[in-house]
J.: 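The following block contains the structure, expressed as structure tokens.
Side chains included, hydrogens not; waters and symmetry mates left out as well; all remaining heavy atoms used.
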Amino acid sequence: MDLIEKTKKSELIFDGAVVHLYRDTVTLPGGGESFREYVKHLGAVCIVPITDKGEVVLERQYRYAVGQTLIEIPAGKLDSADEDPLKAALRELREETGAIPQEIIYLGDYYGSPAIMGERIYMYMARGLSFGETDLDKDEFLEVFTLPLDKAVEMVLDGEITDGKTQAAILRAKLMFEKNM
């Protein structure tokens with residue numbers, strides 16, 4: 001069965017600095033017509049830094065859209081559509097935690113809300129960390145801390161870590177970490 005929806009007309013509703021909202025008219029697989037409202041986004045990266053002691057480097061950061069301080073892994077948006085996600089992940093890791101890894105492993109992609117948002121998040125795990133200075137953006141405020149990987153997994157399963165990319169990446173990293181030990 002062909003499940004592809006074909007764009008008939010595309011209208012940019014809002015053109016922001018980070019997000020771009022569209023309303024498209026689409027032809028459905030069955031021949032009918034409908035509309036899709038969605039957000040285009042350049043994409044982002046996230047990285048699970050694991051210390052030599054088996055601890056995950058995490059962050060507490062206030063997220064305005066949900067009105068809560070969340071526990072997350074280091075992450076950030078791509079600076080341009082053609083930026084190498086690996087380089088972006090290394091940049092974000094260093095800026096937010098001061099960490100530079102000896103090894104980085106690609107964990108896969110994450111789409112947080114694919115029905116309405118086209119943001120693709122490239123997930124990584126980093127090991128062999130050495131630490132230097134952080135270099136936070138001027139509008140970025142966060143608290144960096146570490147937890148044993150098993151405790152972070154427990155917090156995901158108990159609902160204490162609610163950020164979707166962090167949940168997916170920590171669980172993948174746990175499985176990869178055990179597989180490669």
Side-chain angles (χ1 to χ4, degrees), residues 14-21 38-114 116-149 151-153 155-156 159-174:
F14 175 76
D15 194 23
V18 177
V19 297
H20 314 281
L21 177 61
Y38 63 98
V39 175
K40 282 190 179 179
H41 186 282
L42 288 177
V45 296
C46 66
I47 188 161
V48 182
I50 301 177
T51 69
D52 293 342
K53 294 179 182 177
E55 296 179 322
V56 180
V57 180
L58 295 163
E59 305 171 351
R60 283 187 186 87
Q61 188 170 16
Y62 181 77
R63 293 302 190 178
Y64 184 83
V66 295
Q68 295 179 40
T69 299
L70 301 180
I71 295 173
E72 301 178 42
I73 53 177
K77 66 180 181 59
L78 298 177
D79 284 342
S80 66
D82 61 348
E83 182 177 18
D84 178 0
L86 175 59
K87 289 181 182 174
L90 292 169
R91 178 192 71 235
E92 291 296 330
L93 179 62
R94 186 194 55 74
E95 286 178 359
E96 294 181 6
T97 70
I100 298 170
Q102 290 179 346
E103 178 184 18
I104 189 157
I105 300 165
Y106 179 64
L107 296 175
D109 295 343
Y110 177 81
Y111 290 95
S113 189
I116 61 167
M117 189 156 190
E119 180 186 37
R120 175 184 186 179
I121 301 177
Y122 301 86
M123 300 186 299
Y124 297 91
M125 175 175 65
R127 298 192 300 190
L129 306 176
S130 60
F131 290 88
E133 295 297 316
T134 61
D135 185 21
L136 297 175
D137 295 336
K138 65 179 179 177
D139 63 347
E140 194 170 34
F141 300 90
L142 47 89
E143 174 192 351
V144 176
F145 66 102
T146 61
L147 282 178
L149 179 57
K151 176 64 177 167
V153 168
M155 290 174 72
V156 167
E160 295 175 66
I161 294 178
T162 56
D163 175 61
K165 71 180 179 311
T166 299
Q167 291 176 340
I170 283 176
L171 295 177
R172 285 186 185 208
K174 169 69 173 167

J.: Answer yes or no: is there a side-chain heavy-atom contact under 4.5 Å between Phe131 and Val57?
T.: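 Heavy-atom side-chain distance check passes, below 4.5 Å.
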J.: Are any of the side-chain heavy atoms of Cys46 and Thr166 separated by less than 4.5 Å?
T.: no
J.: Below 4.5 Å, heavy atoms only, C-beta onward: do Glu83 and Arg91 meet side chain to side chain?
T.: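 The answer is yes, as the side chains (C-beta and beyond) meet within the 4.5 Å cut-off.
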J.: Measure the spacing between CG of Leu129 and CD of Glu55 and express it to the nearest 0.5 Å.
T.: 11.0 Å
J.: Let me confirm one number: the NE2-CE distance from His41 to Met117, rounded to the nearest 0.5 Å.
T.: 5.0 Å
J.: Determine whether Ile71 and Asp163 satisfy the following criterion, side chain to side chain contact (heavy atoms under 4.5 Å, CB included), listing intermediate values before the conclusion.
T.: CA-CA 7 Å; Ile71 295 173; Asp163 175 61; over 6 Å; no
J.: Are Leu171 and Val153 packed together at the side-chain level, in the sense that at least one heavy-atom pair is separated by less than 4.5 angstrom?
T.: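 Yes, at least one pair of side-chain atoms sits under 4.5 Å.
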J.: Find the distance between NZ (Lys40) and NE2 (His20) and round it off to the nearest 0.5 Å.
T.: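 So the NZ of Lys40 and the NE2 of His20 are separated by 9.0 Å.
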J.: Could you walk me through whether Asp135 and Arg94 satisfy the side chain to side chain contact (heavy atoms under 4.5 Å, CB included) test, starting with their C-alpha distance in whole Å, then the side-chain angles of each, then the deciding distance to 0.1 Å, before giving a yes or no?
T.: CA-CA 7 Å; Asp135 185 21; Arg94 186 194 55 74; 3.8 Å; yes
J.: Please report the closest heavy-atom contact between Ile73 and Ala169, naming both atoms and the distance.
T.: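 Nearest heavy atoms, Ile73 then Ala169: CD1-CB, 3.6 Å.
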J.: Take Tyr62 and Gln68 through the side chain to side chain contact (heavy atoms under 4.5 Å, CB included) test and state the conclusion after the steps.
T.: CA-CA 6 Å; Tyr62 181 77; Gln68 295 179 40; 5.7 Å; no
J.: Do Ile47 and Ile104 come close enough that some side-chain heavy atom pair is under 4.5 Å?
T.: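 They are in side-chain contact.
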J.: Work out which heavy atom in Gln167 is nearest to a heavy atom in Ile161; give both atom names and the distance.
T.: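 Looking at all heavy atoms of both residues, the shortest contact is NE2-O, 2.8 Å.
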J.: Are side-chain heavy atoms of Asp109 and Tyr122 found at a separation under 4.5 Å?
T.: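 They are in side-chain contact.
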J.: Determine the minimum heavy-atom distance between Phe145 and Glu59, stating which atoms define it.
T.: CE2-C, 3.9 Å
J.: Could you grab the distance from atom CZ of Arg63 to atom OG1 of Thr162, nearest 0.5 Å is fine?
T.: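 It comes to 11.0 Å.
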J.: Just verifying a value: how many Å separate Asp84 CG and Asp82 CG, rounded to the nearest 0.5 Å?
T.: 10.0 Å
J.: Roughly how far apart are Ile121 CD1 and Tyr110 OH, rounded to 0.5 Å?
T.: 6.5 Å
J.: Under the side chain to side chain contact (heavy atoms under 4.5 Å, CB included) criterion, do Val48 and Lys174 qualify, and how do the steps go?
T.: CA-CA 10 Å; Val48 182; Lys174 169 69 173 167; over 6 Å; no
J.: Which heavy-atom pair separates Gly108 from Arg172 by the least distance, and what is that distance?
T.: CA-NH1, 3.4 Å
J.: So, do Val45 and Leu78 sit near enough that their side-chain heavy atoms are less than 4.5 Å apart?
T.: yes
J.: Mind checking whether Glu140 and Glu96 have side chains closer than 4.5 Å, heavy atoms only?
T.: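 Yes, side chains in contact.
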J.: Compare every heavy atom of Met123 with every heavy atom of Lys165, then report the nearest pair and how far apart it is.
T.: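 Shortest heavy-atom separation between Lys165 and Met123 comes out as O-SD, 4.2 Å.
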J.: Looking at Ala173 and Ile50, what are the two nearest heavy atoms and their distance?
T.: CB-CD1, 4.4 Å
J.: Which of these passes side chain to side chain contact (heavy atoms under 4.5 Å, CB included) with Leu142: Thr97, Thr134, Leu136, Leu58?
T.: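 Exactly one candidate clears the test, Leu136.
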